[in-house]
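We number each residue from 1, following the sequence as shown. Just so it is clear, the values below take in all heavy atoms, side chains as well, and ignore hydrogens, waters and symmetry mates.
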Amino acid sequence: MTTFASGTDTLTRDALTVLQPGFTGTTAPDWLLRRLGEGLASVGLFGRNIASPEQLTALTAQLRAERDDVLVAIDEEGGDVTRLEVRTGSSFPGNHALGAVDDVELTREVAAELGRRLAACGVNLNWAPSADVNSNPSNPVIGVRSFGASSKLVARHTAAYVTGLQSAGVAACTKHFPGHGDTAVDSHHALPRIDVDTDVLGSRELSPFRAAIAAGTRAVMTAHILVPALDPDRPATLSGQVLTDLLRGELGYTGLIVTDGMEMQAIAGTYGIERGSVLAIAAGADAICVGGGLADDETVRRLRDALVAAVRSGELPEERLAQAAERVRTLAHWTAARAADTQLPADEEVGLRAARKALRITGADGFTPLTVAPYVAAFTPVANVAVGDETPWGVAAELARLIPGTETGSFVGEDAGLATLAAAGPRRVVAVVRDEHRHPWMGAALDTVLRTRPDTIVIEMGLPQAPARGALHIATHGAARVCARAAAEIIAGE
């Protein structure tokens, strides 16, 4: 049973309860365990905290030994954004691949199996799914994390994902409200804005969130974006018009509202994390996510003290903080109850089945599977912050498993095409791209390679917006390990 440290008053406990901090290392540090005893109710996990399922299970048990109803949250979208398999690549295709298949039952099954694996390791809150409608194909941060560009498609798959994940006893956190798809700026670096009217927002951006709410999503994550049609002054995370009037009032949502990471520059660079956190709770948020970049006790102390000071000065109503803390505790109770009575059967191969179905192949009629080891050239863009650069991608490892002797290299910039030809020599070239349409140098590199080697196989592991070309073109709709395996099977004729 949870016990609180003596001398921790209700206000201070509530201020700690609304925080979702991160930490470094693969075991819980003493300061984190101490804060759990003082009232902290949630912990956020990132790739740096996870070495194996066994280690993760031991870590969550360590946290629950201090507080039995702790919310253990993770950013596990499957596909390109994976923390559970950060060093190997995901066993699940991401949203865009599931949207390409457009089988809502398959999406539900994938989410249920992902939830089952998270629950088995003691994780009970997943900052997923992304319900963003990727209406801007040049979006630098959403892309394949979205089910697609159609609001109706995104809505039905968001609902299926929420249903599947929560059937495993893991709370879904649908994001990024009110929709991050029509942006050209990454909110990790600056403040994006969406300049559309309320009619477009209602029919496009909000449709998937309505579906998620109808499906019973237990949490919703805010977006650090400015939507002038809703609030011309403050980003959604800090806006009462967006969180209280729209999400609570108009959409009728009653669950937990979680902020996106407060150390992201869209907030930290303008308001600072302390002021931003106070404004977010005042606007209607219930939990403050921080820890992707700032992951120490000093950050927790600063945010706790900022919330307490805001209440004592009258800037933040004490009842608003108490309401937020109560919503955190309500979700903690829900997950604890679900953990006791949820047992799903394993479906280890569902991710691979989905990845195979998601492939879009051009040029297969005249293609003969390879039997001689090729050269795999990965045209590698800079990874966005959400994806990170820890997770391997590409098809070389999976192709080498099927065709021993396969070699590979990574290329970038204006000389990538010529460098690929020089490295490949006489070997058949497999060129792997990621969002070719967003990177002119990548398209130019393919031009160079294909002029000399028209038998080159091209694999697009991002959004397949550029024209299909090459002797064989495979669009995987994501860069998960299972997507690579599915593509490698086609090349090797498996």
Side-chain angles (χ1 to χ4, degrees), residues 1-23 27-46 49-50 56-76 83 115-128 162 165-173 216-221 254-259 281 285-291 297 300 303-304 307 321-344:
M1 193 56 149
T2 301
T3 56
F4 292 113
S6 60
T8 308
D9 61 87
T10 299
L11 175 58
T12 302
R13 286 202 304 273
D14 284 351
L16 281 170
T17 297
V18 303
L19 302 181
Q20 291 190 349
F23 62 96
T27 59
D30 290 343
W31 67 262
L32 185 65
L33 298 175
R34 185 177 71 254
R35 295 300 185 192
L36 288 171
E38 293 171 353
L40 186 70
S42 309
V43 176
L45 301 181
F46 298 86
N49 303 122
I50 299 168
L56 177 56
T57 302
L59 170 59
T60 59
Q62 184 187 13
L63 296 171
R64 289 204 168 82
E66 191 63 45
R67 178 167 184 149
D68 52 11
D69 65 345
V70 63
L71 286 170
V72 182
I74 199 168
D75 196 7
E76 179 56 62
R83 310 305 178 214
R116 186 194 67 80
R117 295 190 196 182
L118 290 173
C121 295
V123 176
N124 55 12
L125 171 60
N126 192 8
W127 294 319
V162 167
L165 193 62
Q166 294 188 165
S167 72
V170 175
C173 183
T217 187
R218 306 300 300 192
V220 168
M221 178 176 280
T254 59
L256 188 76
I257 299 177
V258 183
T259 72
I281 297 294
D286 304 305
I288 301 296
C289 176
V290 65
D297 189 38
V300 172
L303 296 185
R304 179 203 65 188
L307 292 167
L321 181 63
Q323 179 190 57
E326 185 55 33
R327 284 208 182 98
V328 173
R329 289 188 282 265
T330 296
L331 182 57
H333 295 157
W334 181 86
T335 58
R338 296 287 291 176
D341 62 8
T342 302
Q343 284 291 332
L344 293 182

### Query
Should D297 and R304 count as an ion pair when the cut-off is N to O under 4.0 Å?
no

### Message
Could you report the tightest heavy-atom contact between A28 and L33, atom names first, then the distance?
### Response
CB-CD2, 3.9 Å

### Message
Can you give me the closest heavy-atom contact between T259 and M221, atom names plus distance?
### Response
O-CE, 3.7 Å

### Query
What is the minimum heavy-atom distance between S42 and P21, and which atoms define it?
O-CD, 3.2 Å

### Task
Go through Q62 and L59 one step at a time and tell me if the side chain to side chain contact (heavy atoms under 4.5 Å, CB included) criterion holds.
CA-CA 5 Å; Q62 184 187 13; L59 170 59; 3.8 Å; yes

### salt bridge (Lys or Arg N to Asp or Glu O under 4.0 Å) evaluation trace for R329 with D286
CA-CA 10 Å; R329 289 188 282 265; D286 304 305; over 6 Å; no

### Task
Rounded to the nearest 0.5 Å, what's the gap from SG on C173 to CD1 on I74? Could you check?
13.0 Å

### Task
Check whether any side-chain N or O of R64 sits under 3.5 Å from a backbone N or O of G122 as a donor-acceptor pair, and report yes or no.
yes

### Summary
Here the gap from R35 atom CZ to L32 atom CG, rounded to the nearest 0.5 Å, amounts to 10.0 Å

### Query
So, for L71 and V328, which heavy atoms are closest and what is the spacing to 0.1 Å?
CD1-O, 3.8 Å

#### Entry: Backbone N/O of N126 and side chain of E76: donor-acceptor pair under 3.5 Å
no

### Query
Where the side chain of Q166 meets the backbone of R218, is there a donor-acceptor pair that is under 3.5 Å apart?
yes

### Summary
So CG of L125 and CG of D75: to nearest 0.5 Å the spacing works out to 10.5 Å

### Message
Can you give me the closest heavy-atom contact between D9 and L11, atom names plus distance?
### Response
OD1-N, 3.1 Å

### Query
Given the rule in the side chain to side chain contact (heavy atoms under 4.5 Å, CB included) test, do R83 and W127 qualify, once you have shown the distances and angles that lead to the verdict?
CA-CA 11 Å; R83 310 305 178 214; W127 294 319; over 6 Å; no

### Query
How long is the span from the CG atom in L118 to the CG atom in L165, to the nearest 0.5 Å?
7.0 Å

#### Entry: N/O donor-acceptor pair under 3.5 Å between R67 side chain and G39 backbone
yes

#### Entry: From CA spacing to verdict: side chain to side chain contact (heavy atoms under 4.5 Å, CB included), V300, L16
CA-CA 8 Å; V300 172; L16 281 170; 3.7 Å; yes

#### Entry: Distance (rounded to the nearest 0.5 Å) between T17 OG1 and I288 CD1
12.5 Å

### Query
In Å and rounded to the nearest 0.5 Å, what is the CG to CG distance from N124 to L331?
7.5 Å

## Note on the structure
Taking every heavy atom of L321 against every heavy atom of A15, the minimum-distance pair comes out as CD2-N, 4.1 Å

